[in-house]
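As structure tokens, the structure follows; a few thoughts come after it.
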Amino acid sequence: MEVEYAACLQAWFQLEASKKFQDNVKGFMDPRSYPQEISALVRSKAQRRIVVDGENFGARLCNWWNSSQPDVWKRAGSWKRIRLDDAEEFDRLLEDDDPKWMSFQVPGRKGFYLVIAGLSWWWSAIHENETELGRWKLMVEDVTFMMQVIERINIGA
């Protein structure tokens, strides 16, 4: 697997540790918008690997992820340049009080686990396709950064 994914897993572990590895019955984002493979994982209540059609699944996973973003992230456009240690930047971003921020606070198997699993399945289907792998890496970077932001918010709360 790619180095970027290892960093993503590390960020996920740190975020889950900050929530004391709780599990939550409330779902991450709007369950009606989950890609069908993610819905199958949630419904199965079992941790299992699902084989996906790489390009189609990747597009649906990206659409799900992008549509779930708090509006302030979408408006910022250049949010990836925000420094994780810049408290003023975080205050400015969180002024919006977008309820989508709360969906990113969900720990456990209905939280970022769903995104992490989806990224793993997507990689398994496309790891030899350079074009798709580039899209996958962009989403991994995005997810990693969002988890680092949420952990930073939790520490400051």
Side-chain angles (χ1 to χ4, degrees), residues 1-77 79-80 93-94 96-154:
M1 195 138 308
E2 308 296 318
V3 172
E4 296 87 353
Y5 192 68
C8 188
L9 290 175
Q10 182 177 10
W12 176 54
F13 182 84
Q14 290 172 331
L15 180 60
E16 291 293 326
S18 76
K19 296 285 192 176
K20 298 182 178 24
F21 298 99
Q22 299 171 23
D23 201 9
N24 198 325
V25 294
K26 179 185 173 198
F28 182 67
M29 303 180 216
D30 181 357
R32 294 171 296 192
S33 68
Y34 292 169
Q36 65 190 30
E37 297 85 352
I38 299 291
S39 292
L41 178 66
V42 171
R43 281 192 314 272
S44 75
K45 295 185 175 115
Q47 297 179 4
R48 61 186 178 116
R49 186 176 179 286
I50 295 177
V51 178
V52 298
D53 171 13
E55 289 182 34
N56 290 329
F57 177 72
R60 287 184 283 120
L61 188 67
C62 287
N63 287 340
W64 172 53
W65 174 252
N66 292 333
S67 69
S68 69
Q69 301 299 308
D71 291 338
V72 68
W73 284 112
K74 294 174 189 173
R75 285 195 305 272
W79 60 266
K80 289 182 184 176
L93 285 172
L94 296 175
D96 227 26
D97 200 27
D98 189 325
K100 286 184 179 177
W101 280 114
M102 291 312 295
S103 70
F104 285 100
Q105 301 288 333
V106 176
R109 65 192 150 109
K110 290 191 178 178
F112 273 99
Y113 169 75
L114 299 175
V115 180
I116 298 294
L119 287 168
S120 174
W121 303 334
W122 186 17
W123 181 87
S124 293
I126 57 91
H127 66 276
E128 294 179 356
N129 177 330
E130 286 300 317
T131 303
E132 276 297 296
L133 191 57
R135 289 181 53 217
W136 178 87
K137 286 180 180 183
L138 286 173
M139 183 169 168
V140 169
E141 179 183 302
D142 201 43
V143 170
T144 302
F145 189 79
M146 179 61 89
M147 288 188 291
Q148 291 169 336
V149 167
I150 296 300
E151 183 188 11
R152 169 70 171 80
I153 292 167
N154 291 340

Query raised in the report: Within a strict 4.5 Å, meaning less than it, do heavy atoms of the M147 and C8 side chains meet?
Result: yes
Report summary line: Interatomic distance, CE@M139 vs CG@N66, rounded to 0.5 Å, equals 7.5 Å
Report summary line: Note: L133 and H127 closest approach over all heavy atoms is CD2-O, 3.8 Å
Requested in this report: Test V140 against W123 for side chain to side chain contact (heavy atoms under 4.5 Å, CB included), laying out the working first.
Outcome: CA-CA 10 Å; V140 169; W123 181 87; over 6 Å; no
Query raised in the report: Does Y5 use its side chain to pair, donor to acceptor, with the backbone of I116 at less than 3.5 Å?
Result: yes
Query raised in the report: For the side chain of W136 and the backbone of L119, is there at least one donor-acceptor N/O pair under 3.5 Å apart?
Result: yes
**Report entry** Ring center gap for F13 and F112 short of 6.0 angstrom
**Finding:** no
Report task. Please determine if E132 and R135 form a salt bridge, counting it only when a charged side-chain N lies under 4.0 Å from a carboxylate O. Result -> yes
Requested in this report: To the nearest 0.5 Å, tell me how far N56 CG sits from L61 CG.
Outcome: 12.5 Å
**Report entry** Main-chain N/O of A59 paired to N63 side chain as donor or acceptor, under 3.5 Å
**Finding:** yes
Requested in this report: Hey, could you give me the CD/CD distance between Q148 and Q10, rounded to the nearest 0.5 Å?
Outcome: 8.5 Å
Query raised in the report: For N129 and T131, which heavy atoms make the closest approach, and how far apart are they?
Result: OD1-N, 3.1 Å
Report task. Write down the atom of F57, the atom of P35, and the distance for their closest heavy-atom approach. Result -> CE1-CB, 4.1 Å
Requested in this report: Take W65 and M146 through the side chain to side chain contact (heavy atoms under 4.5 Å, CB included) test and state the conclusion after the steps.
Outcome: CA-CA 11 Å; W65 174 252; M146 179 61 89; 3.9 Å; yes
Query raised in the report: Does any non-hydrogen side-chain atom of E141 lie less than 4.5 Å from one of E4?
Result: no
